[in-house]
Number of protein chains: 2
Amino acid sequence: MNIGKAAKLSNLTIKTVRYYANIGLVKPEQNISSGYREYTDEEVAKLKFIGKARKFDFSIDECKELLSLYEDKNRTSKEVKKITLEKISQIDSKLKDLKDLRNELSFLASNCHGDDKPNCPILDELSKN
Amino acid sequence: MNIGKAAKLSNLTIKTVRYYANIGLVKPEQNISSGYREYTDEEVAKLKFIGKARKFDFSIDECKELLSLYEDKNRTSKEVKKITLEKISQIDSKLKDLKDLRNELSFLASNCHGDDKPNCPILDELSKN
DNA sequence: CTTTACTCTACCCTGAGGGGAAAGTATATA
DNA sequence: TATATACTTTCCCCTCAGGGTAGAGTAAAG
């Protein structure tokens with residue numbers, strides 16, 4: 001099938017599918033006379049797989065890794081779990097940073113009257129030495 | 001003072017300070033004969049201000065806005081508080097997404113034995129239709 | 001045969017700078 | 001005064017994961 005149908009079936013944009021072909025992530029055959037990319041059902045399945053993994057916040061490189069595990073009948077679940085646990089730990093670290101940030105901002109905001117007077121503890125904090 | 005000293009005093013990299021000059025955020029005089037940028041104490045104070053705001057996750061555009069409020073003696077604290085509350089709400093939204101993501105991944109990982117067998121619920125989920 | 005829909009490559013754009021090259025300037029030392 | 005070293009300048013390409021658009025070619029439908 002052509003790229004438009006492959007994109008529709010995998011719920012990706014044509015741009016994204018073409019990008020994955022360019023970086024060698026999912027590389028379909030290309031019709032010699034027309035130059036059109038021709039996707040098989042299996043390639044569409046890979047596109048779907050990647051789409052899901054991307055939603056789970058895996059980077060393209062991580063997707064590449066997961067995809068090769070997915071294609072390897074002899075891979076162990078240990079390898080996949082390792083990548084997933086690493087991703088969870090990255091998320092935890094991001095969560096902590098964001099929570100800290102939220103606390104600080106929320107503290108500043110709660111101390112700011114937010115009225116028509118110029119006095120503002122938020123700007124005071126930002127301009128503190 | 002030259003850019004090196006301004007960068008050191010404001011705890012920013014020279015690249016960053018030069019970038020801020022290029023985009024017109026903090027634009028110092030430039031010595032006509034040498035072409036060197038010449039920073040005043042006030043400009044260094046602005047750089048510090050921006051550095052802090054960036055740590056609070058404000059974008060460059062938001063920094064620009066905060067900086068103009070900072071420089072406006074007649075601004076009200078209401079305006080500053082509004083921007084800050086919007087930022088907090090952005091952070092809350094990011095926090096929710098990350099938490100949801102973590103829950104899903106953590107559920108998958110806990111159902112994966114992570115042993116030497118090929119059976120893997122994580123990949124099963126990713127390849128589900 | 002023409003219109004419409006689809007696809008191709010190639011180029012520039014995003015945010016917030018980082019890295020490095022080549023060239024000019026300033027300062028300290030011999 | 002000459003040289004070595006440190007500092008600064010502009011210019012260009014790179015990041016990540018594609019998005020937007022242009023111009024041209026191809027396929028399918030009327």
Side-chain angles (χ1 to χ4, degrees), chain A residues 1-40 43-44 46-67 87 90-91 94 97 101, chain B residues 1-40 43-44 46-67 87 90-91 94 97 101:
Chain A
M1 73 192 83
N2 286 343
I3 197 170
K5 193 171 176 195
K8 189 154 292 175
L9 289 179
S10 56
N11 287 314
L12 300 174
T13 68
I14 290 184
K15 269 288 186 186
T16 298
V17 175
R18 203 173 274 138
Y19 174 67
Y20 291 167
N22 286 336
I23 64 174
L25 193 51
V26 177
K27 220 172 164 50
E29 292 291 315
Q30 227 161 340
N31 184 300
I32 298 176
S33 67
S34 72
Y36 284 19
R37 295 178 177 83
E38 294 176 340
Y39 287 85
T40 64
E43 282 157 346
V44 170
K46 287 186 197 172
L47 288 174
K48 284 186 189 172
F49 178 92
I50 295 164
K52 279 214 172 189
R54 293 285 300 132
K55 278 193 187 162
F56 280 113
D57 210 36
F58 289 101
S59 71
I60 293 287
D61 270 355
E62 288 165 333
C63 286
K64 201 172 283 189
E65 206 172 347
L66 287 171
L67 195 57
K87 174 56 60 180
Q90 284 173 28
I91 292 175
K94 249 195 237 174
D97 291 348
L101 191 56
Chain B
M1 73 191 82
N2 287 342
I3 197 170
K5 193 172 176 193
K8 190 155 291 177
L9 289 179
S10 57
N11 287 314
L12 299 174
T13 68
I14 291 182
K15 272 288 186 184
T16 299
V17 175
R18 202 173 276 135
Y19 174 67
Y20 291 167
N22 286 336
I23 64 173
L25 193 52
V26 177
K27 219 173 166 48
E29 293 292 316
Q30 227 160 340
N31 185 299
I32 297 175
S33 66
S34 72
Y36 284 18
R37 295 180 178 81
E38 293 176 342
Y39 286 85
T40 64
E43 281 157 347
V44 170
K46 286 186 198 173
L47 289 174
K48 283 185 189 172
F49 178 93
I50 295 164
K52 279 215 170 191
R54 293 285 300 131
K55 277 192 186 163
F56 280 112
D57 209 36
F58 288 101
S59 72
I60 294 287
D61 271 354
E62 287 164 335
C63 285
K64 202 172 281 190
E65 207 172 346
L66 286 172
L67 195 58
K87 175 56 59 180
Q90 284 172 29
I91 292 175
K94 252 195 237 175
D97 290 348
L101 192 56

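Chain naming here is simple, since letters A, B, ... match the order of the sequence lines and numbering starts at 1 in each. All figures in this text were calculated on a predicted structure; none of them were measured in a lab.
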Between [X] and [Y], which heavy-atom pair has the shortest distance, and what is it?
X	Y	value
A/Y39	A/V44	CB-CG2, 4.5 Å
A/G4	A/I14	CA-CD1, 4.0 Å
B/D57	B/K87	O-NZ, 3.0 Å

**Request:** Check the surroundings of atom NZ in A/K64: do more than 12 heavy atoms from other residues, nucleotides or ligands lie under 6.0 Å from it?
**Result:**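 Count over threshold, so yes.
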Quiz: residues 16-29 of chain B side-chain donor-acceptor pairs under 3.5 angstrom, not counting sequence neighbours:
from, atom 1, to, atom 2, distance (Å)
B/T16, OG1, B/T13, OG1, 2.8
B/N22, ND2, B/R18, O, 3.4

**Asked** Of all the choices, C/dC8, C/dG17, C/dA26, which nucleotide is nearest to the side chain of B/S34 once you look at every atom?
**Response**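 Closest of the options to the side chain of B/S34: C/dA26.
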**Item:** Residue A/I3, side-chain atoms from C-beta onward, closest of C/dA10, C/dC8, C/dG18
**Value:**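 Nearest to the side-chain atoms of A/I3, counting from C-beta on, is C/dC8.
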Tell me what [X] touches on the nucleic acid: a base, only sugar-phosphate, or nothing, going by heavy atoms under 4.0 Å.
X	value
B/R54	sugar-phosphate
B/I14	sugar-phosphate
B/R37	sugar-phosphate
B/Q30	sugar-phosphate

Figure out the [atom1]/[atom2] separation between [X] and [N], and round it to whole Å.
X	N	atom1	atom2	answer
A/Y19	C/dA10	OH	P	17 Å
B/F58	C/dG15	CZ	C1'	17 Å
B/Y20	C/dG15	OH	C1'	11 Å
A/K5	C/dC6	NZ	P	13 Å
B/K64	C/dA16	NZ	C1'	12 Å

**Bounds of contact between DNA chain D and chain B, in 5' to 3' order, using a heavy-atom cut-off under 4.0 Å** =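 With heavy atoms of chain B under 4.0 Å away, the range is D/dC7 to D/dC11.
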**Derivation of the side-chain contact (heavy atoms from CB on, under 4.5 Å) call for B/L12 and B/R54** = CA-CA 11 Å; B/L12 299 174; B/R54 293 285 300 131; over 6 Å; no
**Request:** Check whether any side-chain N or O of A/R18 sits under 4.0 Å from OP1 or OP2 of C/dT7, and answer yes or no.
**Result:**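 So the side chain of A/R18 is outside the cut-off, no N or O lying under 4.0 Å from OP1 or OP2 of C/dT7.
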**Message:** Please confirm whether the shortest side-chain N or O distance from B/T16 to OP1 or OP2 of C/dG18 is below 4.0 Å.
**Reply:**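 Yes.
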**Prompt:** 5'-most contact on DNA chain C: B/Y36 or B/D61, nearest heavy atom basis?
**Reply:**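 Upstream on the strand: B/D61.
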**Test log, rule side-chain contact (heavy atoms from CB on, under 4.5 Å), inputs B/D97 and B/K94** = CA-CA 5 Å; B/D97 290 348; B/K94 252 195 237 175; 5.8 Å; no
